[in-house]
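Take this structure, written in structure tokens, and hold onto it; I'll ask about it next.
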Number of protein chains: 2
Amino acid sequence: MTVRQTDTKEEILRLGTEFIQVYGYNAFSYADISKELDIKNAAVHYHFPGKEDLLAGIIDQYIQRYKELGTKINTPGMTAKQKLDIFISRYTDLCEQNKICIIGSVCSDYNTMPESVKAKLGELIEMVLGMVEKVLQQGKRSGELNFPETARVKSLLIMTNLAAGVQLARITGKKDYIAICKSIIDQIST
Amino acid sequence: MTVRQTDTKEEILRLGTEFIQVYGYNAFSYADISKELDIKNAAVHYHFPGKEDLLAGIIDQYIQRYKELGTKINTPGMTAKQKLDIFISRYTDLCEQNKICIIGSVCSDYNTMPESVKAKLGELIEMVLGMVEKVLQQGKRSGELNFPETARVKSLLIMTNLAAGVQLARITGKKDYIAICKSIIDQIST
DNA sequence: AGAAATACTTACTACTTAGTAAGTTACTTT
DNA sequence: AAAGTAACTTACTAAGTAGTAAGTATTTCT
């Protein structure tokens with residue numbers, strides 16, 4: 001039962017996530033993190049020996065957060081539409097902060113990553129897609145939502161719209177992202 | 001009327017494009033290019049003084065190619081569906097070579113780029129979206145295609161499906177990309 | 001109180017990065 | 001034939017990169 005002496009490790013994870021979302025994985029260095037936190041780069045290496053370890057830690061944290069979201073979503077009395085809105089709002093938040101989804105960001109550099117990280121990334125994606133699929137399935141069964149595709153394929157369509165939507169918004173502006181979100185909702189509404 | 005002494009410049013552009021599509025913009029160096037072409041890194045700097053110039057050249061070439069595609073597409077006797085298939089096949093080719101769209105790739109590193117490159121990227125995207133929009137409009141008018149959204153929004157939806165689809169395929173496999181393509185076609189078919 | 005673990009800093013190394021200045025070769029123009 | 005230009009190479013620099021070994025202060029365990 002340690003009391004918590006430091007939150008340096010969590011700050012490193014926070015900053016690492018932010019840098020990936022804002023500048024990309026191969027565009028930031030341990031020096032960027034240490035400068036920002038006013039510590040030495042060796043301190044970053046202490047918590048995460050290599051940059052790959054940091055990336056693995058960031059993805060693990062992401063997986064953890066989505067697991068918590070899954071628990072939250074399984075609260076009874078929530079409609080499928082409300083659940084889906086929670087997923088969409090995650091991307092809307094990113095868009096408003098001029099960030100992009102770490103999955104999309106890391107995907108560009110995917111081929112420069114070790115197998116261990118690739119596996120973790122696969123786990124994260126399958127988890128998110130699975131969660132959205134379940135929500136869509138629930139909505140379809142209850143008659144709340146309507147779409148011609150299978151729930152799996154529809155989750156692929158929606159998630160690709162959102163992921164590339166925030167990327168596009170960086171270049172063409174937020175109005176395009178907003179239009180995409182509106183269409184996603186319209187498409188599945190009965 | 002120069003005869004063409006060298007194709008080094010074009011080879012650099014070709015390799016640069018490939019590196020961006022395979023590893024990402026901030027993950028390759030001038031040394032990677034010079035090694036591959038068996039020249040010195042100074043030779044790369046001769047043709048493209050800075051990495052930003054190389055990126056600008058790559059995007060310019062992409063814009064040029066899409067312009068040529070636009071001309072090709074304006075050939076009479078081509079259905080809207082055939083035209084759209086040409087756009088889709090570009091992404092399918094990428095997917096098969098385990099590459100991703102340069103727009104999506106570069107987007108991760110967008111905030112590390114100079115304004116001149118950002119502007120070029122905007123030009124490229126608006127051009128592609130505009131072309132797809134026109135094709136969709138034509139198809140809708142002629143009754144060949146059917147969709148509830150505006151042509152502009154539908155082009156956003158389709159292009160985000162494709163762009164993120166090839167990204168996703170890297171991680172979860174090509175079957176997901178294929179399912180996405182099938183759905184795109186199904187959605188707009190009358 | 002002493003030992004051990006935690007969370008660092010100091011000080012460094014080996015390597016890679018983009019980038020440049022000056023020289024070389026070969027072809028083209030006048 | 002001379003001058004100029006294009007397309008390089010040679011040889012380098014300054015800055016940044018990930019990463020490490022050894023030391024220090026502080027807390028925790030026994």
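All chains are named by letter (A, B, ...) in the order of the sequence lines, taking the proteins before the strands, and each is independently numbered beginning at 1. Not measured: the values here are computed from a predicted model. Atom set for the values below is all heavy atoms of this structure, side chains included, hydrogens, waters and symmetry mates excluded.
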Return the value, rounded to whole Å, for the distance between atom CG of B/Asp7 and atom C1' of D/dA7.
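Atom-to-atom, B/Asp7 to D/dA7, this comes out as 12 Å.
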
d(CZ, B/Phe48; P, D/dA7) in whole Å
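Computing the B/Phe48:CZ to D/dA7:P distance gives 12 Å.
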
Once the angle between the rings of A/Phe28 and A/Tyr25 is folded into 0 to 90°, is it parallel (under 30°), tilted (30 to 60°) or perpendicular (over 60°)?
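The arrangement is perpendicular - the two ring planes meet at more than 60°.
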
Check whether any side-chain N or O of A/His47 sits under 4.0 Å from OP1 or OP2 of C/dC8, and answer yes or no.
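Checking A/His47 against C/dC8: at least one side-chain N or O falls below 4.0 Å of OP1 or OP2.
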
Measure the distance from CD1 on A/Ile33 to C1' on D/dG19 and round it to the nearest whole Å.
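Distance check: A/Ile33 CD1 to D/dG19 C1' gives 14 Å.
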
Go through the side-chain N and O atoms of A/Ser189 and A/Lys81 and say whether any donor and acceptor fall under 3.5 Å apart.
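Per modelled atom types, A/Ser189 and A/Lys81 side chains form a pair under 3.5 Å.
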
Ignoring hydrogens and geometry beyond distance, is a side-chain donor-acceptor pair present between B/Glu133 and B/Gln138 at under 3.5 Å?
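Judged by distance alone, the side chains do not pair up.
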
Suppose the criterion is salt bridge (Lys or Arg N to Asp or Glu O under 4.0 Å): which pairs have a residue in residues 40-57 of chain A, not counting sequence neighbours?
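Not a single pair qualifies under salt bridge (Lys or Arg N to Asp or Glu O under 4.0 Å).
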
Does A/Thr8 place a side-chain N or O at less than 4.0 Å from the phosphate oxygens OP1/OP2 of C/dA7?
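A/Thr8 to C/dA7 OP1/OP2: no side-chain N or O under 4.0 Å.
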
Below 30° counts as parallel, above 60° as perpendicular, anything between as tilted: where do the rings of A/His45 and A/Tyr30 land?
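Tilted.
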
Please report the distance, rounded to the nearest Å, between CG in A/Leu55 and C1' in D/dA18.
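Whole-Å distance recorded here is 15 Å.
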
Go through the structure and list residues passing side chain to side chain donor-acceptor pair (under 3.5 Å) with B/Tyr177, not counting sequence neighbours.
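By the side chain to side chain donor-acceptor pair (under 3.5 Å) rule, B/Tyr177 matches B/Thr92.
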
Nucleotide D/dG19, atom C1' - distance to CG of A/Leu54 in whole Å
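Computing the A/Leu54:CG to D/dG19:C1' distance gives 14 Å.
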
Protein within reach of the bases, or only the backbone? For nucleotides 9-17 of chain D, mark each nucleotide 5' to 3' as B, S or -, using heavy atoms under 4.0 Å.
BB------S

